[in-house]
Amino acid sequence: ALILFKSMCSNGVMPNTVTCTIIIDGLLKVGSITEFLKFLTEMDEIGIVPNLYTFNTIINGMCKAQMLDMAWGFLGIVMKRGLVLDVVLYSTLISILINNSNLEQACKLFGEMVKEGVTPNMFTYTSLITGLCREGNFLRAWCLLEEMVEKGFAPDRIVYTSLISGFCKHKKMKKAEEVFRKMQENGLTADAYLYNCLIDGYCKLFLMDFAISKMDKMIQYGLTPDVVTYTILINGYRKMGDKDKALKMYKLMLKQGISPD
RNA sequence: GAAUAGGUGGAC
C-alpha cells in the first residue's frame, strides 16, 4: 500500500488528509512505528494537516503498540490545536483506559464527556461495561446497560459478549448462560468469539464436559472452532493434569488445519 | 463522497 501511495504521488495525484489517515492506520496496525514517524514528517513537509480522524487513528494505534506516552503526547497536540474532542475520540480514550485497568479515570472521562455535551454511543457504553464486568461490578454494569437502552441503543452481540465474558471470568456460569439465552431471545446469534468466552468459563471451573459440549454446539451452529478455542481447551486439560486429552485436543487442532500461534 | 473507536485464550 505504501508503494502504491508513493507511485500515486509521483504520478502527480495529490494525497489528502483522508488518504494519509488510511496509510497511517495501516502502518500502525502492522506495527511499523518508524515508518509511521517518517510518514508523519513527510506529511508535514507537504503541508497536509491531520484532523480528528487522523489523531484518533494515531492515538489508538500507539496504544495498541504499547506506546502510551507517545499517545498521550499526541492527545496533547490535539488539545493545543484547539480541536474539540468528539464521541469517537472520547470512546477511544475510554477504551484505552479500560484496557489499562484504569476504570476510575475512564469513568471520570465519561462524566467529562457528558458535561461537554458529547453524547455517548454504543462504543462508549460497551467499553465502560466491559471494564465494570472485568472488575466484577455487575450491578453498575447492568445500570449502564439500562441507561444505554433508555437512550435508544439496542444491545448488540458485542455488548452481550462483554457481560457474558465478565460473568465467565468470575465463574458465574449460571448468570452467563442466562444472559446468553436472553441475547438469543432478542434475536441475536452467537459467534466463535462468544463461544470461546463460555468455553473458557467452563474450563476455569474444570467442567470440561460442559466446555466440550459448548464446542459441539458451536459446530452445530455452523461455527468453526479457531486457534483460541483449541488453546482454551488444551490449557483446560493441562490445568487438570490431563495431558492425554490435552495432546489429543492439540492433534485435533492440527488435523483441522489450524496451527498454533 | 471516501478514512478513525467497543467484546474472547495462552497453564506452571
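A:Lys204 is linked by a side chain to side chain donor-acceptor pair (under 3.5 Å) to A:Asp200, counting only residues two or more places apart in sequence or in another chain. For A:Lys239, there are no salt bridge (Lys or Arg N to Asp or Glu O under 4.0 Å) partners two or more places apart in sequence or in a different chain. Considering only residues two or more places apart in sequence or on other chains, A:Val18 meets the side chain to side chain contact (heavy atoms under 4.5 Å, CB included) condition with A:Asn16, A:Ile22. Remark: A:Tyr53 engages A:Thr21, A:Asn51 in a side chain to side chain contact (heavy atoms under 4.5 Å, CB included) (not counting sequence neighbours). Take A:Glu135 and apply the salt bridge (Lys or Arg N to Asp or Glu O under 4.0 Å) test, not counting sequence neighbours, and it matches no residue. Looking at residues two or more places apart in sequence or on another chain, you find a side chain to side chain donor-acceptor pair (under 3.5 Å) between A:Asn186 and A:Tyr160.
Side-chain contact check for A:Lys151 versus A:Tyr125: some heavy-atom pair is nearer than 4.5 Å.
Less than 4.0 Å separates RNA chain B from at least one heavy atom of each of the following residues of residues 116-135 of chain A: A:Asn121, A:Met122, A:Phe123, A:Thr126, A:Ser127, A:Thr130, A:Arg134. Within residues 49-62 of chain A, the residues that have a heavy atom under 4.0 Å from RNA chain B are, in order of number, A:Asn51, A:Tyr53, A:Asn56, A:Thr57, A:Asn60. Of the residues in residues 88-102 of chain A, those with a non-hydrogen atom less than 4.0 angstrom from any atom of RNA chain B are A:Val88, A:Ser91, A:Thr92, A:Ser95, A:Asn99. Near RNA chain B, defined here as any heavy-atom distance below 4.0 Å, the residues from residues 144-158 of chain A are A:Asp156, A:Arg157, A:Ile158, listed numerically. For residues 196-226 of chain A, proximity to RNA chain B is found at A:Asn196, A:Cys197, A:Asp200, defined as any non-hydrogen atom under 4.0 angstrom from a strand atom.
Chain A approaches RNA chain B within less than 4.0 angstrom (heavy atoms of the protein), and the contacting nucleotides run 5' to 3' from B:A2 to B:A11.
The shortest heavy-atom contact between A:Ser162 and A:Thr126 is OG-CG2, 3.7 Å.
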Verdict with reasoning, A:Phe167 to A:Phe138, per ring pair (Phe, Tyr, Trp, His ring centres under 6.0 Å): CA-CA 8 Å; A:Phe167 283 126; A:Phe138 298 108; 4.2 Å; yes
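Between A:Lys248 and A:Asp244, no side-chain nitrogen of the basic residue sits less than 4.0 Å from a carboxylate oxygen of the acidic one, so the salt-bridge criterion is not met. One finds a salt bridge joining A:Glu177 and A:Lys214 here, because a Lys/Arg side-chain nitrogen approaches an Asp/Glu carboxylate oxygen to under 4.0 Å.
For the side chain to side chain donor-acceptor pair (under 3.5 Å) with A:Asn196, the lone residue among A:Asp191, A:Thr161, A:Asp226 that qualifies is A:Asp226.
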